[in-house]
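Everything numeric here is computed off the predicted structure, so don't read it as measured data. Chain naming here is simple, since letters A, B, ... match the order of the sequence lines and numbering starts at 1 in each.
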Amino acid sequence: MGFRVTIDGAGPVKLSEQCVTSVEFFSEIPKDSNARATDNGTALKIRGKMLFSLGAEAEDATINMAKWSVVPSESADAYRNVKVDVVAANQVVREYTLPNAFVMEYEESLDDETGVGEFYLHVKQKKDLTKLTSIEGGFSE
Amino acid sequence: MSLRVTVNGANSFEVAKDCVQKIKFRTDIPLDSNARTKDVGSTLEITGKILVATDGDPFDSTRQLALWSVVPAEDAAAYRQVEVEIINAGVVERKYSFPRAFVVDYKEDFSNSDGIGQFTIIIKQKKDKLDTIAIEGGYIGA
């Protein structure tokens with residue numbers, strides 16, 4: 001099973017199966033609800049590797065995520081379109097699209113032993129636009 | 001991959017590449033936010049070795065980190081410029097610049113069998129100066 005992550009906007013990010021290691025999708029509803037609440041949100045957690053190509057041949061897309069994570073809230077670039085494809089055996093199992101996602105958490109960790117870095121990105125759809133989140137799936141690529 | 005940390009400002013110093021083992025760069029906003037907020041913080045966590053200079057190395061740069069961590073808040077030297085470079089096979093993959101950084105946590109660990117110590121420093125960019133953080137990378141240079 002592989003994951004493809006596409007983030008549009010200033011400094012687009014395209015991550016392939018080689019670097020994304022896990023994706024989690026959350027539909028967040030208050031746990032103390034007694035009935036179906038309107039207070040729900042959607043979020044994605046993406047983890048993966050930062051593969052640095054030797055001689056800087058291929059462009060490293062993860063740097064654009066790091067830059068996105070420090071964009072101030074007054075900038076239009078703070079909200080971007082995040083699309084995640086979960087692909088297995090030529091079938092798109094899931095295609096999550098968060099069209100107005102903002103960064104909740106971003107982390108990069110690097111050390112002097114492994115030669116690659118690791119990243120963790122947590123994004124959330126702007127809460128009043130939760131209904132624009134789309135969850136597709138079950139079609140061939 | 002090698003990691004180089006430079007601290008400029010009052011008393012500039014560089015933490016040697018031999019010392020630094022691990023870098024974490026983190027950006028966080030409160031997890032209960034419903035939209036992008038102004039309440040964003042950016043953190044660098046640096047872990048490394050405190051190497052003992054057996055032939056009398058005159059400049060122990062990790063001690064400078066310890067000294068920085070005890071600078072009082074009313075002192076201008078509490079805020080310094082921190083640059084972290086991650087260099088892999090001649091390519092600078094990342095360069096984080098925190099121009100108004102201060103120390104939030106500093107720790108040193110020693111034990112009687114290791115021969116070296118271990119330091120962990122957590123620094124943050126002054127929260128109202130988040131837009132001056134620069135993240136670069138992907139260029140040739142050593």
Side-chain angles (χ1 to χ4, degrees), chain A residues 11 26 28 30 39-41 43 50-80 100-130, chain B residues 1-5 16-49 84-98 125 127-141:
Chain A
F26 297 90
E28 292 164 341
D39 186 19
N40 59 334
M50 294 190 277
L51 302 174
F52 301 124
S53 70
L54 290 175
E57 276 169 28
E59 206 191 332
D60 169 31
T62 53
I63 192 165
N64 286 330
M65 287 195 291
K67 286 178 176 165
W68 181 27
S69 75
V70 292
V71 167
S73 57
E74 67 267 27
S75 166
D77 289 337
Y79 297 94
R80 295 189 186 174
N100 312 91
F102 63 96
V103 181
M104 303 282 288
E105 290 176 284
Y106 184 69
E107 182 174 312
E108 292 188 343
S109 67
L110 302 124
D111 62 39
D112 63 347
E113 288 169 358
T114 42
V116 298
E118 281 176 2
F119 72 86
Y120 161 61
L121 175 73
H122 179 186
V123 293
K124 195 169 169 181
Q125 169 74 354
K126 194 168 182 299
K127 204 160 187 178
D128 51 329
L129 302 171
T130 300
Chain B
M1 196 172 329
S2 89
L3 315 159
R4 185 165 60 194
V5 176
K17 284 185 225 169
D18 311 309
C19 294
V20 187
Q21 288 178 299
K22 208 163 183 246
I23 302 277
K24 268 188 189 177
F25 161 79
R26 220 171 27 226
T27 312
D28 287 308
I29 71 172
L31 287 179
D32 55 357
S33 305
N34 293 332
R36 183 76 177 174
T37 75
K38 267 270 156 247
D39 192 11
V40 185
S42 215
T43 312
L44 272 175
E45 197 177 315
I46 302 164
T47 312
K49 291 179 273 192
V84 176
E85 285 171 288
I86 290 97
I87 302 157
N88 191 22
V91 179
V92 180
E93 300 291 0
R94 282 287 189 283
K95 184 176 165 185
Y96 307 113
S97 308
F98 279 44
Q125 169 79 348
K127 211 162 184 176
D128 53 335
K129 297 280 188 282
L130 189 87
D131 52 345
T132 58
I133 293 178
I135 301 158
E136 294 158 29
Y139 53 87
I140 309 281

Using non-hydrogen atoms and a 4.5 Å limit, figure out which bit of [X] sits close to chain B: side chain, backbone, both or neither.
{"X": "A:F102", "answer": "side chain"}
{"X": "A:S75", "answer": "neither"}
{"X": "A:V103", "answer": "both"}

Residues in salt bridge (Lys or Arg N to Asp or Glu O under 4.0 Å) with A:D128, at least two apart?
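A:D128 satisfies salt bridge (Lys or Arg N to Asp or Glu O under 4.0 Å) with A:K126 only.
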Name all residues meeting the salt bridge (Lys or Arg N to Asp or Glu O under 4.0 Å) criterion together with A:D77; count only those two or more places apart in sequence or in a different chain, and write none if there are none.
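Checked A:D77 against salt bridge (Lys or Arg N to Asp or Glu O under 4.0 Å); zero matches.
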So which of [options] has the biggest tally of heavy-atom pairs under 4.5 Å with chain B?
{"options": "A:V116, A:T62, A:L110, A:V70", "result": "A:L110"}
{"options": "A:P72, A:G115, A:G117", "result": "A:G115"}
{"options": "A:E108, A:E107, A:K127, A:M50", "result": "A:E108"}

Report the option among [options] that has the most heavy-atom pairs separated by less than 4.5 Å from atoms of chain A.
{"options": "B:T27, B:V20, B:L31", "answer": "B:T27"}
{"options": "B:A35, B:A89, B:S33", "answer": "B:A35"}
{"options": "B:D131, B:I86, B:T47", "answer": "B:I86"}
{"options": "B:R26, B:R94, B:K38, B:Q21", "answer": "B:R94"}

From A:E28 atom CD to B:D32 atom CG, the distance as rounded to the nearest 0.5 Å
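Here the interatomic distance stands at 10.5 Å.
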Distance (rounded to the nearest 0.5 Å) between A:L129 CG and B:N34 CG:
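Interatomic distance, A:L129 CG to B:N34 CG, rounded to 0.5 Å: 11.5 Å.
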Provide the closest heavy-atom pair for B:T37 versus A:S73 in the form atom of the first, atom of the second, distance.
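Taking every non-hydrogen atom into account, O-CB, 3.5 Å.
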Of all heavy-atom pairs between A:M104 and B:P30, which one has the smallest distance, and what is that distance?
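Heavy atoms only, the tightest pair is CE-O, 3.6 Å.
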Interchain contact, B:D28 with chain A, by part (heavy-atom threshold 4.5 Å)
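Both the backbone and the side chain of B:D28 come within 4.5 Å of chain A.
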Per-residue contact mode, B:E45 against chain A (heavy atom under 4.5 angstrom):
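Contact with chain A involves no heavy atom of B:E45 at all.
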Go through the steps to decide whether B:K22 and A:E113 satisfy the test salt bridge (charged side-chain N to carboxylate O under 4.0 Å, His left out), and finish with yes or no.
CA-CA 9 Å; B:K22 208 163 183 246; A:E113 288 169 358; over 6 Å; no
side-chain contact (heavy atoms from CB on, under 4.5 Å) for A:I63 and B:I135? Distances and angles first, verdict last.
CA-CA 7 Å; A:I63 192 165; B:I135 301 158; 4.0 Å; yes
Check: A:Y79 side chain, B:R36 main-chain N or O, donor-acceptor pair, under 3.5 Å
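Yes, the answer is positive, given that a donor and an acceptor are paired below the 3.5 Å cut-off.
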